[in-house]
Amino acid sequence: MRLASYFMPTLKEDPSEAQIVSHRLMLRAGMIRQVSAGIYSWLPLGFRVLKKIEQITREEMDAAGCLELLMPTLQPADLWRESGRYDDYGKEMLRIRDRHDRDMVYGPTNEELITDIFRHSIKSYRDLPKNLYHIQWKFRDEVRPRFGIMRGREFFMKDGYSFDLDYDGALRSYFNMYLAYSRTFRRMGLSAIPVKAESGAIGGDLSHEFLILAETGESQLYYDQQITELDAESIAADADAETITQFLGRYYAAVDNKHTDWADSGVPQARRREHTGIEVGHIFYFGTKYSEPLGASVAGPDGSEVSVHMGSYGVGVSRLVGAIIEASHDSDGIVWPEAVAPFKVGLINLKPGDAACGDAARELYDGLRRAGIDVLYDDTEERAGAKFATMDLIGLPWQVTVGPKGLRGGTVEVKQRRNGDKEEVSLASALSHLSAA
Ligand code: 5CA
């Protein structure tokens with residue numbers, strides 16, 4: 001991508017409405033634009049990151065055996081009346097009336113709709129287990145949308161739903177998602193702590209939030225330091241219920257409303273930690289809370305009808321964009337982990353008018369693209385200082401600078417954004433250097 005023809009409206013000044021660093025940097029880097037309170041447009045740079053996060057999430061869900069589908073954003077209110085949540089959900093749910101006076105809602109979550117799909121099609125225990133997910137916009141009319149896309153009203157979520165014949169099967173499905181979530185966040189360069197949590201409006205009595213530590217987090221968490229070293233992969237995904245339950249209870253971690261007193265936690269003094277965190281994922285097991293009222297049952301092995309046991313699993317795809325910035329930035333701007341970076345390389349031509357610089361930069365640009373490496377090529381007429389500042393602000397993992405001085409000796413400069421390390425490499429080897437990086 002050539003910057004001169006790209007659309008990346010960066011800001012030099014800190015926007016006054018942004019209270020936290022990720023919101024500030026997303027606005028300054030031209031990633032998003034506010035449309036209305038808690039509602040944002042995703043501009044090209046931000047959209048690329050959103051898509052990367054979406055894709056990693058999708059790949060990990062697929063690898064865990066989940067099946068992707070797509071449900072609409074609008075749902076009939078009658079489904080919510082069947083589950084009893086139409087009245088319970090309160091003002092957070094956006095209610096709409098269509099031209100035929102039918103009540104609709106803009107989905108804040110999809111337990112009812114997926115259960116409706118299930119009950120019409122799956123009738124036998126032989127078709128279980130099933131785990132269906134989609135990645136779709138949600139709307140929750142939060143009282144206080146804040147922190148940019150971190151607590152929005154319209155936001156992008158991966159929500160998945162599992163169906164099993166009984167508790168043991170459902171616990172295995174739950175644990176399968178617990179493992180998949182750990183892998184998903186790790187791939188994004190995050191270390192997320194699974195924490196016992198309240199189930200809230202979704203319901204049920206077993207739930208874990210995945211939190212990443214950040215000063216700006218809205219959740220207070222209390223945890224045993226050991227949990228950060230917990231290797232969930234040491235347990236087989238098809239382990240029995242007892243092994244899974246034991247594993248889930250091995251180390252203490254609780255959000256504020258689940259935490260009572262350290263003294264009751266059994267955690268030795270030296271291992272107690274308290275920190276604020278950002279919730280990037282939440283998994284729930286809620287048994288037959290929706291399958292019973294909606295009549296989602298299957299014929300069991302002995303022929304009798306059984307209400308299926310369900311769980312639901314959410315990843316805050318749009319929130320993650322902000323959460324990753326909270327976890328990875330410095331005073332100059334964003335520092336993207338490579339897996340989610342909008343481009344891998346930022347190529348700076350210090351003197352676009354100069355024939356040698358133009359040729360060298362173009363050669364590198366074409367070579368990188370041929371090698372399948374995403375590159376943003378700054379071919380604008382800006383001053384050198386401004387170009388460097390913009391590249392640091394948008395946080396691409398690698399910067400390559402082509403300038404007249406270096407070129408006289410046949411070299412370009414390669415800088416790693418994460419640590420600022422710079423290296424002069426020959427123009428000829430720059431491509432292989434970056435391909436290998
Ligand atoms: N049905 C369940 C699981 S699919 C559910 O809705 N869970 S949730 O309410 O916990 O939301 C899942 C994830 O969406 C959260 O962990 C959080 O990362 C993200 N999320 C929730 N509310 C917002 C919001 N207002 N803005 C941005 N992301 C949000």
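In each ligand, atom 1 is the first atom listed, and ligand 1 is the first ligand listed.
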Open item on the list: Tell me the protein heavy atom at minimum distance from atom 17 (C) of ligand 1, and give that distance in Å.
Closed with: Arg319 NH1, 3.5 Å
TODO: Kindly confirm or rule out an N or O of Ile202 lying under 3.5 angstrom from an N or O of ligand 1.
DONE: no
Open item on the list: Would Thr109 count as being in polar contact with ligand 1, using the rule that some N or O on each side must be under 3.5 angstrom apart?
Closed with: yes
Open item on the list: Closer than 4.0 Å to some heavy atom of Gly281 - which atoms of ligand 1 meet that?
Closed with: 16 (O)
Open item on the list: Any carboxylate oxygen within less than 4.0 angstrom of a Lys/Arg side-chain nitrogen, looking at Arg172 and Asp240?
Closed with: no
Open item on the list: Under a 4.0 angstrom heavy-atom cut-off, which atoms of ligand 1 come close to Asp159?
Closed with: 4 (S)
TODO: Do me a favour and list the nearest non-hydrogen protein atom to atom 13 (C) of ligand 1 with residue, atom name and distance?
DONE: Gly316 N, 3.9 Å
TODO: Answer yes or no: is there a side-chain heavy-atom contact under 4.5 Å between Ile114 and Met71?
DONE: yes
Open item on the list: I'd like to know whether ligand 1 has Lys138 as a neighbour, heavy-atom separation below 4.0 Å.
Closed with: no
Open item on the list: If the contact criterion is a heavy-atom separation under 4.0 Å, does Ile149 count as touching ligand 1?
Closed with: yes
TODO: Could you label the plane-to-plane angle of the Phe286 and Tyr290 rings as parallel, tilted or perpendicular, counting under 30° as parallel and over 60° as perpendicular?
DONE: perpendicular
Task: Proximal atoms of ligand 1 relative to Gly314 (non-hydrogen, under 4.0 Å) - done: 3 (C), 4 (S), 12 (C)
TODO: Using the salt bridge (Lys or Arg N to Asp or Glu O under 4.0 Å) rule, pick out the option among Asp421, Asp392, Asp332 that qualifies with Lys415.
DONE: Asp392
Task: Close side-chain approach of Ile56 and Val340, heavy atoms under 4.5 Å - done: yes
TODO: Could you check atom 26 (N) of ligand 1 against the protein and tell me its nearest heavy-atom contact, residue, atom and distance included?
DONE: Gly152 N, 3.0 Å
- [ ] Give a yes/no on ligand 1: does Glu111 have at least one heavy atom closer than 4.0 angstrom to it?
- [x] yes
- [ ] Measure Val280 to ligand 1 on non-hydrogen atoms and call it side chain, backbone, both or neither using the 4.0 Å cut-off.
- [x] backbone
Open item on the list: Between Tyr313 and Phe284, is there a side-chain heavy-atom distance shorter than 4.5 Å?
Closed with: no
Task: Mode of His282 contact toward ligand 1 - side chain, backbone, both, neither (heavy atoms, under 4.0 Å) - done: both
TODO: Check whether any side-chain heavy atom of Glu111 lies under 4.5 Å from a side-chain heavy atom of Arg85, and answer yes or no.
DONE: yes
Task: Under-4.0 Å salt bridge between Arg119 and Glu82 - done: yes
- [ ] May I ask you to identify the nearest protein heavy atom to atom 11 (O) of ligand 1, giving residue, atom name and distance to one decimal place in Å?
- [x] Met157 CE, 3.4 Å
Open item on the list: In terms of relative ring orientation, are Phe247 and Tyr178 parallel, tilted or perpendicular, with 30° and 60° separating the classes?
Closed with: perpendicular
TODO: Have a look at ligand 1 and work out which part of Glu209, if any, has a heavy atom under 4.0 Å from it: side chain, backbone, both or neither.
DONE: neither
TODO: Would you check if Val267 and Gln225 make a side-chain contact, meaning some heavy-atom pair closer than 4.5 Å?
DONE: no
Task: Pair Asp224 + Arg273, salt bridge at N-O below 4.0 Å - done: no
Open item on the list: Using a strict threshold of under 4.0 Å (side-chain N to carboxylate O), is an ion pair present between Glu54 and Lys158?
Closed with: no
Task: Cationic N near anionic O, under 4.0 Å, Asp127 to Lys130 - done: no
TODO: Considering heavy atoms of the protein only, find what lies nearest to atom 22 (N) of ligand 1 and give residue, atom and distance to 0.1 Å.
DONE: Phe155 CZ, 3.5 Å
TODO: With heavy atoms under 4.0 Å as the rule, classify the contact between Glu279 and ligand 1 as side chain, backbone, both or neither.
DONE: both
Task: N or O contact, Glu142 vs ligand 1, cut-off under 3.5 Å - done: yes
Open item on the list: Using a plain distance cutoff, I'd like to know if Tyr313 has any nitrogen or oxygen under 3.5 Å from a nitrogen or oxygen of ligand 1.
Closed with: no
TODO: Consider every N or O of Arg140 and every N or O of ligand 1, then say whether any pair is closer than 3.5 Å.
DONE: yes
Open item on the list: Measuring from non-hydrogen atoms of Ser318 to any atom of ligand 1, is the shortest distance under 4.0 Å?
Closed with: no
Open item on the list: Looking only at the side chains, is there a donor atom on one of Ser83 and Glu112 sitting less than 3.5 Å from an acceptor on the other?
Closed with: yes
Task: atom 7 (N) of ligand 1: nearest protein contact (heavy atom, Å) - done: Phe284 CE1, 3.4 Å
Task: atom 27 (C) of ligand 1 [closest protein heavy-atom partner, distance rounded to 0.1 Å] - done: Met150 O, 3.3 Å
